[in-house]
Amino acid sequence: MSAMTAAPDSSAQDTRSAPASGSSGWKVPDRPVLEGLESKWAEAWEDEQLYAFKRPESRPQVFSIDTPPPTVSGSLHVGHVFSYTHTDVIARYQRMLGKQVFYPMGWDDNGLPTERRVQNFFGVRCDPSVPYDPDFQPPAKPDAKHQIPISRRNFIDLCRQLTKVDEKAFEQLWHQVGLSVDWKQLYTTIGEETQRISQLAFLRNYERGEAYMAEAPTMWDVTFQTAVAQAELAARDYPGAYHRLAFHRPDGEDVFIETTRPELVVSCCALIAHPDDTRYQHLFGTMVKTPIFGVEVPVLAHPAAEMDKGAGIAMCCTFGDLTDVLWWRELRLPTRTVIGRDGRFTRETPDWLPDPTFYDDKLAGKTVFSARAAMVEALKASGEMIGEPEPTQRKANFYEKGDKPLEIVSTRQWYIRNGGRDDELKQTLINCGDDIDFVPEYMRHRYTNWVEGLNGDWLVSRQRFFGIPFPIWYRLDANGDPDYDEPLMASAAELPIDPTSDVPDGYSEAQRGKPNGFMADPDVMDTWATSSLTPEIVTGWERDPELFKLTFPMDLAPQAHDIIRTWLFSRVVRAHFEFNEVPWARAMISGFVMDPDRKKMSKSKGNVVVPTDILDKYGADAVRWRAAMARPGLDSPFDERQMKVGRRLAMKVLNASRFVLGMGEATDPEEITVPVDVAEMTALRAVVAKATKDLEAFDYTSALEVTEEFFWSFCDDYLELVKERAYGAQGPRTAASANASLQLALSVILRLLAPFMPFVTEEVWSWWKPGSVHTASWPTVDELPSTGDPQLVTDVAAALILVRGAKSDAKVSMKTPVIDITLSGPATAVAHLKSAAADLSAVGHIETDIAWQEAGDEVGAQITLGEPPVKKKKN
């Protein structure tokens with residue numbers, strides 16, 4: 001991992017060996033630089049195990065985080081860096097409060113995305129019928145378009161091989177970003193312990209009746225050959241055409257419907273209209289015959305029919321869309337499925353057709369597209385299609401990772417109850433959302449709206465290969481048919497198991513697939529069924545009781561807003577069933593990072609920013625600064641120029657710190673006695689209070705803003721104001737006050753900035769303080785005086801602006817002397833300015849006594865400049 005082991009840039013060698021500045025013992029470099037800090041400190045932190053979780057005595061001493069495991073088969077972009085930085089800011093803050101931060105990291109490496117990547121990378125595809133080849137080597141020149149079939153075991157080996165490479169790259173990036181995770185708590189969603197927990201939780205769900213198997217209409221992706229859950233659906237526009245078709249009544253009159261799927265006429269089981277639609281009320285309860293096939297179907301009423309859409313009456317087919325499923329279930333219609341898992345019309349002749357000739361000759365074995373063309377041609381020829389098809393854009397359901405509309409086929413799948421078919425459970429899960437603090441608060445509505453809109457239970461089985469298998473077998477009867485009603489469940493002590501290679505109690509391997517023997521459940525769990533258990537996986541549930549007691553329920557669940565419906569909700573479901581409580585106290589929601597045109601970044605759009613590019617160019621602290629400027633829950637447009645601002649701030653921290661530490665010896669805060677110094681510290685006291693309050697509310701952006709605003713004012717105004725005094729221009733007592741104030745301010749500012757800019761603050765801390773800034777105490781108001789008047793600082797800054805402005809307007813050097821000046825303002829402002837007159841004269845090069853005038857509502861000045869200093873010629 002280069003971020004951990006690469007040789008540091010020579011400019012960033014450990015400054016602990018640098019010459020001391022003065023006799024203070026501090027090791028301040030002459031020319032501090034940002035380059036090389038990430039590799040230097042990432043390596044040091046790892047060597048010291050600075051962020052390792054150390055078990056305290058009680059739960060209140062812990063802050064635990066359910067870190068999102070990134071999908072390693074994909075690629076990280078700047079949006080990931082932003083959202084993970086938000087979490088790290090909170091983790092670092094909590095650590096500085098004295099908490100033991102439980103901050104694990106995981107890799108989401110199972111499921112379809114990994115399979116797809118392996119297929120394209122190696123030019124292979126999984127075929128379970130192919131025998132295992134222990135000597136298999138992937139093609140030297142992979143061809144993603146001509147993939148060679150390999151066994152399931154060989155395929156899984158390649159999945160593991162590729163994910164290990166991806167995981168190393170991801171870990172390297174997170175070290176470069178400066179995430180303070182405990183790498184000893186690393187897990188993967190395909191790891192052995194994860195498999196054990198996933199299988200155990202499923203068995204518990206089954207034993208309590210929360211998991212069940214059912215033959216039911218299933219959203220099916222014909223490309224990936226797998227079932228798709230409601231949370232994975234994406235509605236997209238899809239080109240189609242309305243076809244006006246005639247259904248025939250016994251009295252010779254026709255009923256006309258409009259459909260975009262004429263190929264499904266063969267599976268029609270009813271015509272449906274709204275009960276209030278006067279056009280069709282006289283038809284309810286009567287029968288009509290379908291075009292081409294002549295199958296009698298009833299005309300029925302249902303409130304889900306749309307009177308203002310098309311003809312107002314629609315055919316219900318099993319199944320064209322989710323509305324068909326609703327009608328089929330609630331009206332108890334017959335099942336007439338004709339589309340199989342391969343996306344083709346079944347070759348088996350439907351038994352409900354009076355005359356199957358047309359189906360056998362024209363539809364059997366055809367794709368949906370070919371069947372549609374054949375039906376349209378036949379309907380035109382029979383005169384049962386009125387007019388030409390009318391082009392339209394229709395909404396179709398897609399698998400979020402697919403590119404073809406989903407079909408609805410009847411399959412046997414595993415489900416976990418989620419309230420989609422149980423109003424009481426639905427309300428309970430909505431109430432669970434009320435037990436979670438959302439940041440920002442309005443994100444709670446997304447959770448509630450999703451749960452309220454559920455229309456079916458959670459489908460958790462997938463017809464894939466690289467995933468966690470169900471720990472289940474089925475008995476085979478004398479004909480070799482499986483008994484699904486009484487599955488053979490593995491015991492908890494056996495877990496983890498793979499039923500395709502392990503054998504149930506009482507059977508031998510020789511009985512696999514044989515009559516009176518057994519078969520393994522062929523499916524794997526949906527990746528969300530595993531990720532829904534991340535709190536249980538990381539906290540040691542059923543593995544480490546002490547760790548579980550210290551870390552669960554967890555404190556924080558950070559994530560993006562687009563997976564509230566999947567990851568957040570599914571974790572709530574599993575924790576509710578297992579513990580009857582929510583898995584964490586708070587959910588912190590990140591927005592998306594958009595391109596400058598406010599479009600979501602994606603590889604397909606070509607607008608993705610590669611994180612390593614900007615990290616290498618601007619440094620991690622600059623990127624983290626920009627990330628923290630993206631408020632919780634809000635989408636944020638990305639502009640690379642903003643990184644320059646963050647880099648400028650990081651560089652200013654180095655240079656200002658070097659300046660402060662180069663002024664004098666170590667001092668005691670008790671020496672802060674000069675009014676302007678006390679006022680500056682009291683102003684900083686308010687900053688500490690505000691930043692702490694913001695971070696307690698998880699408003700990291702506001703905390704950074706108030707800190708940064710003070711820092712720039714500190715550098716531009718206060719530091720310049722007191723530097724001559726700090727060097728001793730007004731005597732040792734006032735010099736000590738200035739230096740004590742500067743050093744106390746620097747200590748506080750570094751700690752305030754540490755969660756946001758960990759590398760530069762650690763670098764400066766190492767120059768003059770023992771240990772790490774990241775394990776130092778978070779600053780408190782008690783460290784700072786409360787007796788000063790921050791308005792004094794404001795008034796002095798206003799006067800400085802006027803002096804500088806006069807010189808700027810005259811286009812002369814800031815060292816140009818002021819030979820006459822009158823400062824005015826309200827009485828309190830004049831008093832403030834008088835108390836800082838010596839500092840003002842020094843920084844403003846005022847070479848005359850200042851005249852004072854109590855007048856007006858704000859600070860004003862009348863200024864006369866002398867001759868600019870003569871520039872010395874270089875020899």
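All residue numbers refer to positions in the sequence shown, counting from 1. As a basis for the values below, the full set of heavy atoms in this structure was taken, side chains included, without hydrogen atoms, waters or symmetry mates.
Arg574 places no side-chain N or O within donor-acceptor distance of the main-chain N or O of Thr534, the cut-off being under 3.5 Å. Remark: the backbone N or O of Asn418 is paired with a side-chain donor or acceptor of Asp457 at under 3.5 angstrom. Glu578 contributes no side-chain N or O that, together with a main-chain N or O of Ala201, makes up a donor-acceptor pair within less than 3.5 Å. Side chain of Gln199 to backbone of Pro469: a donor-acceptor contact under 3.5 angstrom is found.
Using a 4.0 Å cut-off between charged nitrogen and carboxylate oxygen, Lys164 and Glu167 do not count as a salt-bridge pair. Between Arg571 and Asp66 there is a salt bridge, since a side-chain N of the basic residue sits under 4.0 Å from a carboxylate O of the acidic one.
Under 3.5 Å, the side chains of Thr189 and Asp108 contain a donor-acceptor pair of N or O atoms. Checking Thr218 against Thr411 by side-chain atom types alone, a donor-acceptor pair falls below 3.5 Å. In this model, no donor atom of one side chain and acceptor atom of the other lie less than 3.5 Å apart for Asp221 and Thr226. Between the side chains of Asn154 and Tyr132, no donor-acceptor pair of N or O atoms lies under 3.5 Å. Side-chain polar atoms of Arg417 and Asn205 form no donor-acceptor pair below 3.5 angstrom.
Aromatic pair Phe358/Phe293: centroids less than 6.0 angstrom apart.
Ring geometry, Phe155 versus Phe465: the interplanar angle exceeds 60°, so the pair is classed perpendicular (tilted spans 30 to 60°). By the 30° and 60° cut-offs, the orientation of the rings of Tyr84 relative to His80 is tilted. Below 30°, between 30° and 60°, or above 60°: for Phe345 and Tyr359 the angle between ring planes is between 30° and 60°, a tilted geometry.
Using a 4.5 Å cut-off on side-chain heavy atoms (C-beta onward), Trp107 and Pro70 make contact.
For Glu192, the CD atom is loosely surrounded, since the number of other residues' heavy atoms within 6.0 Å does not exceed 12. Heavy atoms of other residues, nucleotides or ligands lying less than 6.0 angstrom from CD of Glu215 number more than 12. Environment of CD in Glu390: sparse, with no more than 12 heavy atoms of neighbouring residues, nucleotides or ligands closer than 6.0 Å. Taking a 6.0 Å sphere around NZ of Lys426, one finds it holds more than 12 heavy atoms contributed by other residues, nucleotides or ligands.
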Decide side-chain hydrogen bond (donor to acceptor under 3.5 Å, both in side chains) for Thr346 and Glu348; before the verdict, give the C-alpha distance in whole Å, the side-chain angles of both, and the deciding distance to 0.1 Å.
CA-CA 5 Å; Thr346 178; Glu348 184 178 343; 4.8 Å; no
